[in-house]
Undergrad: 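One structure coming up, written as structure tokens, with questions to follow.
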Amino acid sequence: MNERVVRFTTRELSMRTIDDFEQFFSQVHGCACTLYFFGRHLSSVSGTAQQRAVRLGSAPDRSRKHFPHQELMRKREAAAVRDLVSKGQAHGILVYADGDPVGWCHFGRVDELPVPSEESDPDTIYARLDTTEWVINCFTTRMDHRRQGVATRALNAAVAAIKKRGGGWIEAVPMAFPHDDPTLRKLRRTFRWRSPQVAEYLRDNWPTKELPAIGEVSACLNSTRTMGHMGNMSMFEKAGFTAIQRDDYRSATDPYHRGDFIVMRRHV
Ligand SMILES: CC(C)(COP(=O)(O)OP(=O)(O)OC[C@H]1O[C@@H](n2cnc3c(N)ncnc32)[C@H](O)[C@@H]1OP(=O)(O)O)[C@@H](O)C(=O)NCCC(=O)NCCS
């Protein structure tokens with residue numbers, strides 16, 4: 001029997017695709033990249049659960065299937081991004097599977113981030129290296145399309161979009177390599193995160209790798225279905241990026257929490 005072949009395409013975020021962006025972020029978790037546009041998350045929506053439900057025009061819901069706070073935040077995030085797009089201040093790539101938006105990747109010019117606004121944190125550091133002009137920060141793929149190369153397509157399209165805008169040095173800080181570890185998750189649930197049992201397990205079992213010119217790096221915890229929003233080193237290597245240094249800012253060497261991130265660059 002023939003398997004149906006999905007046709008993947010990419011488009012840039014613009015006023016023509018903003019509805020697709022909103023549709024996409026109504027189907028996934030995450031902050032719609034407002035963290036990267038503004039340098040911090042939008043301030044949370046005030047009020048009790050009941051007041052928030054009223055604002056959404058619904059009765060308070062006790063089924064735990066609907067989260068009025070999340071829904072209100074999503075509306076605010078969508079409105080904020082729409083406003084940025086209308087002013088040409090937000091860049092990103094949407095990936096479509098047979099025309100349906102299933103993936104997202106943010107990219108931006110370092111000297112335009114964070115976008116100036118009351119919500120922004122002007123002290124946010126976007127690039128580790130002085131000569132970096134562009135950053136690729138965040139990926140999200142809809143759950144039913146994970147591990148099908150969607151984020152990889154978004155990354156390649158982001159590099160192409162940057163090149164089209166004049167190019168320069170692009171920086172990203174992905175995880176060194178992902179590692180799924182159900183035992184660690186179980187230990188954290190049973191004994192709590194900062195317990196001697198967790199520290200001992202990490203010390204004796206956590207995988208490391210030797211990277212040329214960088215040294216020994218530790219894995220980052222992920223599950224078989226999901227990986228951190230910054231992507232992994234191998235997908236950036238395949239897109240022509242080179243590993244420069246271990247990122248001290250994002251990496252964790254805590255006895256209770258291990259994981260290394262790598263500053264990577266490519267010039268286009
Ligand atoms: C990170 C994420 C975008 C990856 O998307 P994806 O479309 O599944 O990625 P791809 O299929 O293009 O895979 C890219 C690479 O990552 C690897 N990978 C992806 N998911 C993985 C997983 N769960 N475990 C191990 N490796 C994984 C792939 O094998 C591939 O590696 P390769 O280049 O060596 O072949 C996706 O897991 C995701 O959306 N995670 C949640 C991110 C999030 O929280 N976003 C909101 C932020 S506010």
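Counting convention: from 1, in listed order, for ligands and their atoms alike. Model, not experiment: these values are computed from the prediction.
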Undergrad: Do His229 and Phe139 have ring centres separated by under 6.0 Å?
TA: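 No, too far apart.
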
Undergrad: Could you check if a side-chain atom of Val81 sits within less than 4.5 angstrom of a side-chain atom of Phe21, using non-hydrogen atoms only?
TA: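 Yes, close enough: below the 4.5 Å cut-off.
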
Undergrad: Are any of the side-chain heavy atoms of Phe236 and Thr242 separated by less than 4.5 Å?
TA: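 Side-chain contact under 4.5 Å: no.
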
Undergrad: What do you reckon, does Ala154 put a non-hydrogen atom under 4.0 Å from ligand 1?
TA: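 In this structure, Ala154 fails to qualify as a contact of ligand 1 - no heavy atom is under 4.0 Å.
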
Undergrad: Look at atom 28 (C) of ligand 1 and say which protein heavy atom is nearest, naming residue and atom and giving the distance to 0.1 Å.
TA: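 Of every protein heavy atom, Arg147 NH2, 4.3 Å lies nearest to atom 28 (C) of ligand 1.
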
Undergrad: Tell me which part of Ser223 gets within contact of ligand 1: side chain, backbone, both or neither, using heavy atoms under 4.0 Å.
TA: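 For Ser223, only backbone atoms sit under 4.0 Å from ligand 1.
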
Undergrad: Pull out every atom of ligand 1 sitting under 4.0 Å from any heavy atom of Thr226, numbered as shown with elements.
TA: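 That gives atoms 23 (N), 37 (O), 40 (N), 41 (C) of ligand 1.
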
Undergrad: Suppose we screen for ring-ring contact (aromatic ring centres under 6.0 Å, His included). Which residues come up paired with His29, at least two apart in sequence or across chains?
TA: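 Expected list: none.
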
Undergrad: Which one holds for Pro178 and ligand 1: side chain close, backbone close, both close, or neither close, with close meaning a heavy atom under 4.0 Å?
TA: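 The answer is the side chain of Pro178.
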
Undergrad: Run through Arg142, Arg146, Gln148 and flag the one making a side-chain hydrogen bond (donor to acceptor under 3.5 Å, both in side chains) with Asp144.
TA: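 Single pass found, and it is Arg142.
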
Undergrad: More than 12 heavy atoms of other residues, nucleotides or ligands under 6.0 Å from CZ of Arg203: is that the case?
TA: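 Correct, the count exceeds 12.
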
Undergrad: Is any side-chain heavy atom of Arg11 less than 4.5 Å from a side-chain heavy atom of Tyr96?
TA: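 A side-chain contact exists here, since the closest heavy-atom pair is under 4.5 Å.
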
Undergrad: Identify, by atom number and element, the atoms of ligand 1 in contact range of Gln148, meaning under 4.0 Å from any of its heavy atoms.
TA: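 Listed by number with element: 11 (O).
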
Undergrad: Ion pair present between Asp100 and Arg7, side-chain N to carboxylate O less than 4.0 angstrom?
TA: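 Not counted as a salt bridge, because no side-chain N and carboxylate O are separated by less than 4.0 Å.
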
Undergrad: If I apply the N/O under 3.5 Å rule, does His145 come out as touching ligand 1?
TA: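 There is no such contact.
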
Undergrad: Taking atom 41 (C) of ligand 1 as the point of reference, which of Met227, Arg153, His229 owns the nearest heavy atom?
TA: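 The nearest heavy atom belongs to Met227.
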
Undergrad: Between Asn222 and ligand 1, which part of the residue brings a heavy atom under 4.0 Å of the ligand: side chain, backbone, both or neither?
TA: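 Side chain only.
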
Undergrad: Give the numbers and elements of all ligand 1 atoms closer than 4.0 Å to a heavy atom of Arg225.
TA: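 Taking each heavy atom of Arg225 in turn, ligand 1 has 23 (N) under 4.0 Å.
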
Undergrad: Sequence neighbours left out, what passes side chain to side chain donor-acceptor pair (under 3.5 Å) with Arg109? Give chain and number order.
TA: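 Testing Arg109 for side chain to side chain donor-acceptor pair (under 3.5 Å), a comparison that skips the adjacent residues, returns Asp111.
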
Undergrad: Could you tell me if the side chain of Val159 sits less than 4.5 Å from the side chain of Arg266, heavy atoms only?
TA: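 Result yes, sub-4.5 Å side-chain heavy-atom pair found.
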
Undergrad: If I apply the N/O under 3.5 Å rule, does Arg146 come out as touching ligand 1?
TA: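 Yes - when backbone and side-chain N and O of Arg146 are compared with those of ligand 1, one distance drops under 3.5 Å.
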
Undergrad: Salt bridge or not for Asp123 and Arg40, using N-O below 4.0 Å?
TA: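 No, Asp123 and Arg40 are not salt-bridged.
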
Undergrad: Against heavy atoms of Met235, which atoms of ligand 1 measure under 4.0 Å?
TA: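 So the atoms of ligand 1 that pass are 14 (C), 33 (O).
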
Undergrad: For ligand 1, which atoms, with element, lie under 4.0 Å from some heavy atom of Gly228?
TA: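 Atoms satisfying the 4.0 Å criterion: 1 (C).
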
Undergrad: Considering heavy atoms of the protein only, find what lies nearest to atom 33 (O) of ligand 1 and give residue, atom and distance to 0.1 Å.
TA: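 Looking only at protein heavy atoms, the one closest to atom 33 (O) of ligand 1 is Lys238 NZ, 3.1 Å.
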
Undergrad: For Thr224, which part has a heavy atom under 4.0 Å from ligand 1: side chain, backbone, both, or neither?
TA: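 Answer for Thr224: backbone.
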
Undergrad: Would you say Cys31 and ligand 1 have an N/O pair spaced under 3.5 Å apart?
TA: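 N/O-N/O distance under 3.5 Å: no.
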
Undergrad: Does only the side chain of Thr152 get under 4.0 Å from ligand 1, or the backbone, or both, or neither? Count heavy atoms.
TA: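 Looking at Thr152 and ligand 1, atoms from backbone and side chain both fall under 4.0 Å.
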
